[in-house]
Amino acid sequence: MKGVILETAGCKDFFREEDILALQPDVTAAHAMLAAKQGPGSEYLGWLDLPDAAMAQLPEIRKVAEGIQATSDALVVIGIGGSYLGSRAGIEALAHSFSNFQGNAAKVIFAGHNLSSSYHADLLDVLQDMDFSINIISKSGKTTEPAIAFRIIRDLLERKYGREGARKRIYATTDPHKGVLRALAESEEYTTFPIPEDIGGRYSVLTAVGLLPMAVAGLDIEALLAGAIQAQGDLQNPDLSVNSCYRYAAARNILYRQGKAVELLVCYQPELQYFCEWWKQLFGESEGKEGKGLFPAAAVFSTDLHSLGQFIQEGAKLLFETVIKVIKPRRDLLIPHELEDADQLNYLAGKGMDFVNDCAFRGTLKAHTEEGKVPNLVLTMDSLDAWNLGYLFYFMEKACAVSGTLLGVNPYDQPGVEAYKKNMSILLKGSAPPAGKDL
C-alpha cells in the first residue's frame, strides 16, 4: 500500500456510505474552486503545486545544509507556529528518537516558539560551548516571540564569532521582497531563502521553512517531496468513492453537523507527536472562525489511554477520534524468553513489541467504538518514512482546504490570532522605559 487510506468502519453507527456520497456535489465544487485557484483566500494557494516547484530548490538547500553540518554542532531554528512545527514534525517522526545522543548529523534545536525566560536562558547555557548556526524563520520579522529570541541568540553568536563571523552562520527564511527581517538580512548579507508570497505559514512545511532544518538533521528531503508529489497527483480525482483525502474531509463534516465539537487525532507512535501539533495548527487556524469549526486535539496512545482513556470511553460524547495507523514501524523489538517467568510474560516471548502495540490499537478501537460509542476514523499508512510523511503532509493540507470550504470559511486567514498580538503590543509599549534607560 502506498499513501494514506481512510477506513470508516468505526463510524458505522453515525453515518453510512451514502451519507458521504451525498456530499459529492459540494466536494466537487470545492475541488473545482481549488483547481481554478478561486474563492476566499485564493491568493494563498501556492501550496497546491508546491511539491514539484520545491524540487528545483533542493540543490541549494542541500548545499547550505551540508555547510551547516560541516561547521556546526547545532542549528538553532528560531520560529513559531508554521515557522517551526513542520520541520519539528518531520525531524521527530524520521530521525532517531534520541538523535541528540546518536549519529553525526548536526543537532537541530528550536527557539522562539515561546516566551519562557528559563527555556531560553537554559538554551544559552547549552550553546556557550557549542559551534552553532541560526536559521531565523519569519515572514515579516516582527513576530514578538522569534524576534526576541533572535536578538538574544544572535548576541551570543556575535560574541562568540565576531559580527563578521556571525553573519556567515545566520540563515534567514523570510519574505522574498519586504519586511523587517528581509531588510536586516540584506544589510547584514545573511544567506536567505524565500517564503513564497502565495503560501501561508501553516502550509509552508514543503518550502525551505521546513526543508532546510530537516536537511540539516539528515533527513531525505527528496523522498519527502516525492511522496508529496505522489499525493498531489493521486488527489486530483474528486470522486468520493476513491479519494481518501476528500472522504476524510466529508466524514469530519458529517460528524461536526451531528454535534461533535472535538476531533482527537490519535497516534500510536510517539514520534508522531509533533506531527499532531502541526496538524492542530493547520486545522485550528484554518477552520476556527466565525463561531465555527472542530476543536483540534491530539493524543499519543497507549500513553494517553492512562489519562484520557476514561473520559473518551465514558465521558461527554462531544468528540470523535481520527487514528493514524502505521502498519510497519521504523524498528521492532522481540520480547525475550525468561526461564523463571517471574513477570508472567513468557506468553509474549518471541513476539514483536509492535505486535503488542497493534493489539492495543485494535482493542482500543473496539472499546471506543462498540462500547464507548465514540466514532473513529482510521488513516492507514504502510510505514513511517520520508516518502509517506511527505504524502501525509500534502494529504492533510488538501483535506483542510476542502474541509474549510465545506464549512463555509476562508481556510487561509487567521484574524483571531491578531487579537492577542495587538493587546500584548499595547502592554509592552506602555511599559517600555524611555530609550537609553535600563529596566
Side-chain angles (χ1 to χ4, degrees), residues 41-47 50 53-54 56-57 60-61 64 68 75-88 110-115 120 133-155 157-158 163 166-214 216 278 281-282 285-286 410-429 432 435:
S42 58
E43 66 272 26
Y44 291 106
L45 288 176
W47 59 271
L50 177 61
Q57 209 174 12
E60 184 182 1
I61 290 174
V64 169
I68 294 170
L75 174 68
V76 182
V77 176
I78 302 175
I80 195 167
S83 294
Y84 95 102
L85 282 170
S87 61
R88 189 159 191 177
F110 294 91
H113 56 290
N114 61 58
L115 287 167
H120 288 87
S133 297
I134 294 173
N135 180 202
I136 170 67
I137 306 172
S138 176
K139 203 160 195 176
S140 69
K142 296 172 68 175
T143 305
T144 304
E145 294 92 338
I148 289 175
F150 182 46
R151 175 180 281 210
I152 291 169
I153 299 169
R154 186 182 67 203
D155 177 67
L157 194 73
E158 290 179 349
R163 188 168 178 179
R167 286 173 176 167
K168 298 175 182 177
R169 290 176 172 268
I170 296 176
Y171 304 85
T173 308
T174 188
D175 187 280
H177 304 297
K178 61 183 185 298
V180 171
L181 182 54
R182 168 55 61 181
L184 177 63
E186 290 181 355
S187 67
E188 295 292 323
E189 299 182 343
Y190 300 153
T191 299
T192 63
F193 288 93
I195 302 175
E197 293 176 293
D198 57 356
I199 296 176
R202 58 188 178 274
Y203 290 85
S204 67
V205 61
L206 300 177
T207 70
V209 169
L211 296 177
L212 177 59
M214 286 192 273
V216 172
W278 172 84
Q281 189 207 6
L282 177 67
E285 279 196 351
S286 297
N410 178 350
Y412 311 108
D413 65 356
Q414 56 279 341
V417 174
E418 302 307 315
Y420 99 87
K421 293 180 179 179
K422 178 181 176 182
N423 290 341
M424 182 171 68
S425 179
I426 291 170
L427 291 167
L428 289 172
K429 291 177 179 177

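Computed over heavy atoms, backbone and side chain alike; hydrogens, waters and symmetry mates excluded.
- Side-chain atoms of T173 and I195, non-hydrogen and from C-beta on, do get closer than 4.5 Å to each other.
- The number of heavy-atom neighbours closer than 6.0 Å to NZ of K421, taken from other residues, nucleotides and ligands shown, is above 12.
- Each of I136, I153, L184, T191 was compared with I170 under the side-chain contact (heavy atoms from CB on, under 4.5 Å) criterion, and only I136 meets it.
- In the displayed structure, Y44 atom OH is contacted under 6.0 Å by at most 12 heavy atoms of other residues, nucleotides or ligands.
- Considering R163, R169, R154 as possible partners of E188, the one that fulfils the salt bridge (Lys or Arg N to Asp or Glu O under 4.0 Å) test is R163.
- Within the 4.5 Å cutoff, no side-chain heavy atoms of L211 are placed close to those of F193.
- Residues T192 and E186 form no side-chain contact, since every pair of their non-hydrogen atoms from C-beta on lies 4.5 Å or further apart.
- Heavy-atom neighbours of E197 CD from other residues, nucleotides or ligands within 6.0 Å: above the threshold of 12.
- Rounding to the nearest 0.5 Å gives a distance of 10.0 Å between CD1 of I199 and CH2 of W47.
- P213 has its side chain out of reach of Y84: every pair of non-hydrogen atoms, C-beta onward, lies at least 4.5 Å apart.
- Scanning all heavy atoms of the two residues, the minimum distance from P411 to R202 falls at O-NH2, 2.8 Å.
- Using a distance-only test at 3.5 Å, with no hydrogens or angles considered, no donor-acceptor pair links the side chain of N135 to the main chain of V77.
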